[in-house]
Novice: 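Have a look at this one.
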Amino acid sequence: MKKYDVIIAGAGPAGLVTALHLLQLRPQLSGCVAAIERARHPRPKVCAGGLIPRVITTLRALGVSVQVPAVRVFAGSAVTEVGGINLEPSSDPLCTIIRRDEFDAMLLEHAQAAGLEIIDNTRVLAVRADKYKVGVETTQGSFESRVLVGADGSGSRVRTSVFGQGKHNLGRALIVELPVPDRQAEGFKDGYRFNFNCVAAGVRGYCWSFPCLISGEPHLNLGIYDQSPGGARAVMMSELLRQLHVAFPELNSSRVHGVRLRIKSFPIRWYDPSDRYTHGRVILAGDAAGVDPLMGEGISYALEHGRLAGAAIARYLDGDHTALDAYGLKLHQGMIGRKLKRLAFAARRFYGPHHRFYFRLARSSSRLQRIAVDWYNGARGLDEMSITRAALRFLLHGSL
Ligand SMILES: Cc1cc2nc3c(=O)[nH]c(=O)nc-3n(C[C@H](O)[C@H](O)[C@H](O)COP(=O)(O)OP(=O)(O)OC[C@H]3O[C@@H](n4cnc5c(N)ncnc54)[C@H](O)[C@@H]3O)c2cc1C
């Protein structure tokens, strides 16, 4: 049995940033922190790859710059039942769109340089935790650690093994990648596009179109997010597909530019204020814990959870036995928890029975739209305050 101080299940953004930050804080732990990953990087990940500005700020604080091919988006639009919304082009990117295989492999490089050991092509099967240690059963044998981080995504094995928390807060998203002739093609040059018309059909979510580069070639990734939990899944999937085709009629040909289109689907776990994130020596981070219910954005939360987890584990290993419990509380009561609660509130409004009223409100003022988008994006740290305070500050001072 191999022993480590810290084992991280899953080497996605949440797990890798936990390792990176912990090893930055405690370089002497080099070689004593391992990530167990079921795949091998660079591995594909079903994701649209949109990084909001908050992600870039968090990475910068960790000494990481995004050095992978990316499309920077400066403009956006949304279709709603009550009319369209056009965001005025901004001077700073609204979003940076990367490919997750490249982005996650870049994060792994940083974490390995800091001293992370990666155990890949290995799946976590079960976890046994007691007062003194955590045992991790995998497809490559048994491991033991003082602390275990469950960063193994929305279907987290650590979560089900240790926390026994269910599937009630699993949404899902479908995605398809469409080649376009060049960067001036319609859709690609228009920035990101959202379409909320599917809310009228009972979908608690939206369709999106993001410009992206796949092997250097311009593409659009088109998808639909639905926050709704399970239910009659087959029926729901076909309805989601139908709504995606209605929003983007260009999908109606199954082959575009000679390429056969493939629809991929993956769950997204969203934040539930009643979830627990700490159980003794085991903590959860990223999708395993729960992310944005409104838009399904999860990379910024994966990184913030990772940063907090890294700091909490450092304190715990120093002898502060309250540090892991404090991490769990912070996820609910700190900045991230407050932001996620506000997004859950917005999801209930925009995807609820009175959604037309809220979309009308959103259309009523371009200033309001800019404040809301900047707050959502965490531009200039705005998400550290409530959106009402951000709006008041804008009204009082004339700028943010
Ligand atoms: C279609 C779609 C589009 C999305 N678009 C965006 C977007 O544009 N922007 C955004 O911010 N978010 C987006 N998200 C959400 C985003 O992908 C996640 O929130 C993010 O990946 C969470 O990071 P993570 O590290 O917590 O989990 P993951 O990225 O899922 O990483 C978990 C890792 O654990 C590994 N793993 C899983 N099970 C095991 C096991 N048993 N043993 C060992 N390893 C295991 C996996 O291989 C993976 O490498 C999208 C999601 C979907 C489904």
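All values reported here derive from a predicted model rather than from experimental measurement. Only this structure's heavy atoms are used, side chains among them; waters, hydrogens and symmetry mates stay out. Note that the numbering runs from 1 along the sequence shown for the chain. Order of listing sets the numbers, starting from 1, for every ligand and every atom in it.
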Novice: For Asp92 and Ser90, which I'm curious about, is there any donor-acceptor pair between the side chains at under 3.5 Å?
Specialist: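 Absent: no donor and acceptor within the cut-off.
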Novice: Could you list the atoms of ligand 1 found under 4.0 angstrom from a heavy atom of Ala151?
Specialist: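 Heavy-atom distances to Ala151 below 4.0 Å select 32 (C), 33 (C), 34 (O).
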Novice: Of all the atoms in ligand 1, which lie at a distance below 4.0 Å from a heavy atom belonging to Arg100?
Specialist: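 Counting atoms of ligand 1 from 1, those under 4.0 Å from Arg100 are 16 (C), 17 (O), 20 (C), 21 (O), 29 (O).
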Novice: Any nitrogen or oxygen of Gly15 lying under 3.5 Å from a nitrogen or oxygen in ligand 1? Just yes or no.
Specialist: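 It does not: no N or O of Gly15 is found under 3.5 Å from an N or O of ligand 1.
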Novice: Would you mind listing which atoms of ligand 1 come within a distance below 4.0 Å of any non-hydrogen atom of Ile36?
Specialist: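 Listed by number with element: 43 (C), 44 (N).
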Novice: Holding to side chain to side chain donor-acceptor pair (under 3.5 Å), I want the full list of residues that pass it with Thr58, two or more places apart in sequence or in another chain.
Specialist: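 Thr58: side chain to side chain donor-acceptor pair (under 3.5 Å) contacts with Glu304.
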Novice: Hey, can you tell me if His279 and Phe163 have their rings parallel, tilted or perpendicular (30° and 60° cut-offs)?
Specialist: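 Perpendicular.
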Novice: Should Pro13 be listed as contacting ligand 1, given a heavy-atom distance under 4.0 Å as the test?
Specialist: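 The answer is yes: ligand 1 sits under 4.0 Å from a heavy atom of Pro13.
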Novice: Under 3.5 Å between any N/O of Phe266 and any N/O of ligand 1: does that happen in this structure?
Specialist: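 N/O-N/O distance below 3.5 Å does not exist for this pair.
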Novice: Side chain, backbone, both or neither: which part of His305 comes within less than 4.0 Å of ligand 1 when only heavy atoms are counted?
Specialist: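 Answer for His305: neither.
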Novice: Can you find a non-hydrogen atom of Tyr225 under 4.0 Å from ligand 1?
Specialist: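 Heavy atoms of Tyr225 never come under 4.0 Å of ligand 1.
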Novice: Classify the angle between the aromatic ring planes of Phe359 and His355 as parallel (below 30°), tilted (30 to 60°) or perpendicular (above 60°).
Specialist: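 Perpendicular, since the angle between the ring planes exceeds 60°.
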Novice: Before you tell me yes or no, could you show the steps for Asn195 and Trp208 under side chain to side chain donor-acceptor pair (under 3.5 Å), namely the whole-Å CA-CA distance, both residues' side-chain angles and the distance that decides it to 0.1 Å?
Specialist: CA-CA 6 Å; Asn195 187 320; Trp208 77 82; over 6 Å; no
Novice: Is there a side-chain contact between Lys339 and Tyr301, using heavy atoms and a 4.5 Å cut-off?
Specialist: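 A side-chain contact exists here, since the closest heavy-atom pair is under 4.5 Å.
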Novice: Is Ser154 touching ligand 1 with its side chain, its backbone, both, or neither, if touching means heavy atoms under 4.0 Å apart?
Specialist: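 Near ligand 1, Ser154 shows nothing, with every heavy atom at 4.0 Å or more.
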Novice: Using a heavy-atom cut-off of under 4.0 Å, does the side chain or the backbone of Arg172 touch ligand 1, or both, or neither?
Specialist: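 Looking at Arg172 and ligand 1, no heavy atom falls under 4.0 Å.
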Novice: Measure Ile268 to ligand 1 on non-hydrogen atoms and call it side chain, backbone, both or neither using the 4.0 Å cut-off.
Specialist: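 Side chain only.
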Novice: Please work out whether the ring planes of Tyr206 and Phe196 are parallel, tilted or perpendicular, with thresholds of 30° and 60°.
Specialist: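 Tilted.
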Novice: Using distance alone, determine whether Glu37 and ligand 1 share an N or O pair under 3.5 Å.
Specialist: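 Indeed, backbone or side chain, Glu37 has an N or O that close.
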Novice: Test of understanding: given a 4.0 Å heavy-atom threshold, classify the contact between Ala302 and ligand 1 as side chain, backbone, both, or neither.
Specialist: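 It is the side chain that gets close, since no backbone atom is under 4.0 Å.
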Novice: Is Asp5 close to Val33 at the side-chain level, that is, under 4.5 Å between some pair of heavy atoms?
Specialist: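 Not touching, per the 4.5 Å side-chain cut-off.
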Novice: Under the 6.0 Å and 45° cation-pi test, does Lys330 pair with Tyr277?
Specialist: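 Negative - Lys330 is either too far from the ring of Tyr277 or too far off its axis.
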Novice: Please confirm whether Ala48 comes within less than 3.5 Å of ligand 1 when only nitrogen or oxygen atoms on both sides are compared.
Specialist: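 Yes; at least one N/O pair falls below 3.5 Å.
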Novice: Should the pair Arg349 and Phe345 be classed as cation-pi, given the thresholds of under 6.0 Å to the six-membered ring centre and 45° from the axis?
Specialist: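 Geometry flag: set, cation within 6.0 Å and 45°.
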Novice: Of all the atoms in ligand 1, which lie at a distance below 4.0 Å from a heavy atom belonging to Asp287?
Specialist: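 Those atoms are 18 (C), 19 (O), 22 (C), 26 (O).
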Novice: Under 4.0 Å, heavy-atom basis, I'd like to know which part of Lys264 is in contact with ligand 1: side chain, backbone, both or neither.
Specialist: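 Near ligand 1, Lys264 shows nothing, with every heavy atom at 4.0 Å or more.
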Novice: Below 4.0 angstrom from a heavy atom of Gly296, which ligand 1 atoms are there? Numbered from 1 as shown, please.
Specialist: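 Result: 12 (N), 13 (C), 14 (N), 15 (C).
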Novice: Who pairs with Tyr376 by side chain to side chain donor-acceptor pair (under 3.5 Å), at least two apart in sequence or on another chain?
Specialist: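 With neighbours one apart ignored, the set is Asp292.
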Novice: When you measure from the heavy atoms of Thr122 to every atom of ligand 1, does any distance fall below 4.0 Å?
Specialist: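 Under 4.0 Å: yes for Thr122.
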Novice: Which of the atoms of ligand 1 are close to Phe210, meaning less than 4.0 Å from one of its heavy atoms?
Specialist: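 Once the distances to Phe210 are compared, the set is 8 (O).
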Novice: For ligand 1, which atoms have a heavy atom of Gly49 less than 4.0 angstrom away?
Specialist: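 Matching atoms, with element in brackets: 7 (C), 8 (O).
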Novice: Please write down residue, atom name and distance for the protein heavy atom closest to atom 43 (C) of ligand 1.
Specialist: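 Result: Arg38 N, 3.3 Å.
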